[in-house]
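As a basis for the values below, the full set of heavy atoms in this structure was taken, side chains included, without hydrogen atoms, waters or symmetry mates. Order of listing sets the numbers, starting from 1, for every ligand and every atom in it. Residue indices begin at 1 and follow the sequence shown.
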Amino acid sequence: MQTTQYLAEIREELHRTAEAVVSREAEELADAILNAGKIFAAGAGRSGLMMKAFAMRMMHLGFDAYVVGETVTPNLIKDDVFIVGSGSGETKSLVSMAEKAKNLGASVAAITIFPESALGRLSDIAVKLPGSPKDKSDNPYPTIQPMGSLFEQTLLLFCDAIILRLMEKKGYTSETMFGRHANLE
Ligand SMILES: O=C([C@H](O)CO)[C@H](O)[C@H](O)COP(=O)(O)O
C-alpha cells in the first residue's frame with residue numbers, strides 16, 4: 001500500500017474512534033479542569049507524550065497546569081486535579097500516582113480505553129476512549145496501526161477538543177493563547 005493509502009486508513013480509524021466518545025464524560029472533564037486549583041497531567045511512554053502536549057496547551061490557556069515528574073512541577077494538594085492518560089489503565093507507576101493523588105484529596109480523572117481498569121476504578125471521572133491497547137490483547141477497535149497508536153492519536157485529538165471547549169467557556173481566542181506562547185525560542 002502507498003503511504004497516502006495508509007494515511008486514508010488512519011483517518012478512517014480516527015473517524016470511528018472520535019464518534020464513540022461520550023459527550024457527558026468529556027463535559028465532566030472540562031468542568032473539573034475549569035474548577036481545579038492546579039492541574040497535573042501524567043502518562044507513560046507514548047501516551048505520556050500526548051499528555052505533555054495537553055498540559056502545554058492548558059498552560060497557554062492560562063491554567064496552572066503541570067506535567068508530573070518535570071523539574072518545575074510543584075506539590076499536589078486537595079482541590080487539584082490529577083489527569084492521567086493510559087490506554088491499558090494498568091501502568092503500575094500511574095496507578096501508584098493516582099492512589100497518592102487521591103489520598104492527598106485531589107480529584108483523579110482517567111482517560112483510558114478501559115474504565116474498568118485499576119486507573120478507571122480509582123478515578124472520579126473516567127473518559128473512555130476507543131482504541132487498541134499496546135499489547136493488542138483485548139482489541140475492541142480493529143486497527144492496522146502498531147501497539148497503542150490509535151489510542152494515542154485519539155487521545156491527542158480528544159485533548160484538543162477539550163481545549164476548544166475550555167477556550168469557549170473562558171472566552172479565549174487563539175490570540176489570547178498566543179500571548180502565553182514561549183518567546184525565548
Ligand atoms: O509507550 C507506550 C507504548 O509504546 C504503546 O504504544 C505506552 O503509551 C506506554 O507503555 C504506557 O502504556 P499505557 O499506560 O497503557 O498507555
Q: Count the heavy atoms of every other residue, nucleotide or ligand shown that sit under 6.0 Å from NZ of Lys52, and state whether that count exceeds 12.
A: no
Using distance only, find each side-chain donor-acceptor pair of residues 148-172 under 3.5 Å and give its atom names and separation, not counting sequence neighbours.
from	atom 1	to	atom 2	distance (Å)
Ser149	OG	Arg46	NH2	2.7
Ser149	OG	Pro146	O	3.1
Glu152	OE1	Arg46	NE	3.0
Glu152	OE1	Arg46	NH2	3.0
Glu152	OE2	Arg46	NE	3.2
Gln153	OE1	Gln145	NE2	3.0
Gln153	NE2	Gln145	OE1	2.7
Thr154	OG1	Thr17	OG1	3.0
Thr154	OG1	Leu150	O	2.7
Asp160	OD1	Arg57	NE	2.5
Asp160	OD2	Arg57	NH2	3.4
Arg165	NE	Glu27	OE1	2.9
Arg165	NE	Glu27	OE2	3.1
Arg165	NH1	Glu168	OE1	3.4
Arg165	NH1	Glu168	OE2	3.2
Arg165	NH2	Glu27	OE1	3.0
Lys169	NZ	Asp31	OD1	3.0
Lys170	NZ	Leu61	O	3.3

Any protein N/O atoms within less than 3.5 Å of an N/O atom in ligand 1? List the atom names and distances, or say none.
from	atom 1	to	atom 2	distance (Å)
ligand 1	1 (O)	Arg46	N	2.8
ligand 1	6 (O)	Arg46	NE	3.0
ligand 1	6 (O)	Arg46	NH2	3.4
ligand 1	6 (O)	Gly148	N	3.1
ligand 1	6 (O)	Glu152	OE2	2.7
ligand 1	8 (O)	Ala44	O	3.3
ligand 1	8 (O)	Arg46	N	3.4
ligand 1	8 (O)	Ser47	N	3.0
ligand 1	8 (O)	Ser47	OG	2.7
ligand 1	10 (O)	Lys134	NZ	2.8
ligand 1	12 (O)	Lys134	NZ	2.9
ligand 1	14 (O)	Ser86	OG	2.6
ligand 1	14 (O)	Thr91	OG1	2.5
ligand 1	15 (O)	Ser88	N	2.9
ligand 1	15 (O)	Ser88	OG	2.7
ligand 1	16 (O)	Ser47	OG	2.7
ligand 1	16 (O)	Gly87	N	2.8

Residues 90-100 side chain polar contacts: donor-acceptor under 3.5 Å, at least two apart:
from	atom 1	to	atom 2	distance (Å)
Glu90	OE2	Ala118	N	3.1

Q: Go through the structure and list residues passing side-chain hydrogen bond (donor to acceptor under 3.5 Å, both in side chains) with Ser174, not counting sequence neighbours.
A: none
Q) What pair of heavy atoms forms the shortest contact from Ala42 to Val68, and how long is it? A) CB-CG2, 3.9 Å
Q.
Between Asp79 and Lys38 (salt bridge meaning N to carboxylate O under 4.0 Å), is one present in this structure?
A. no
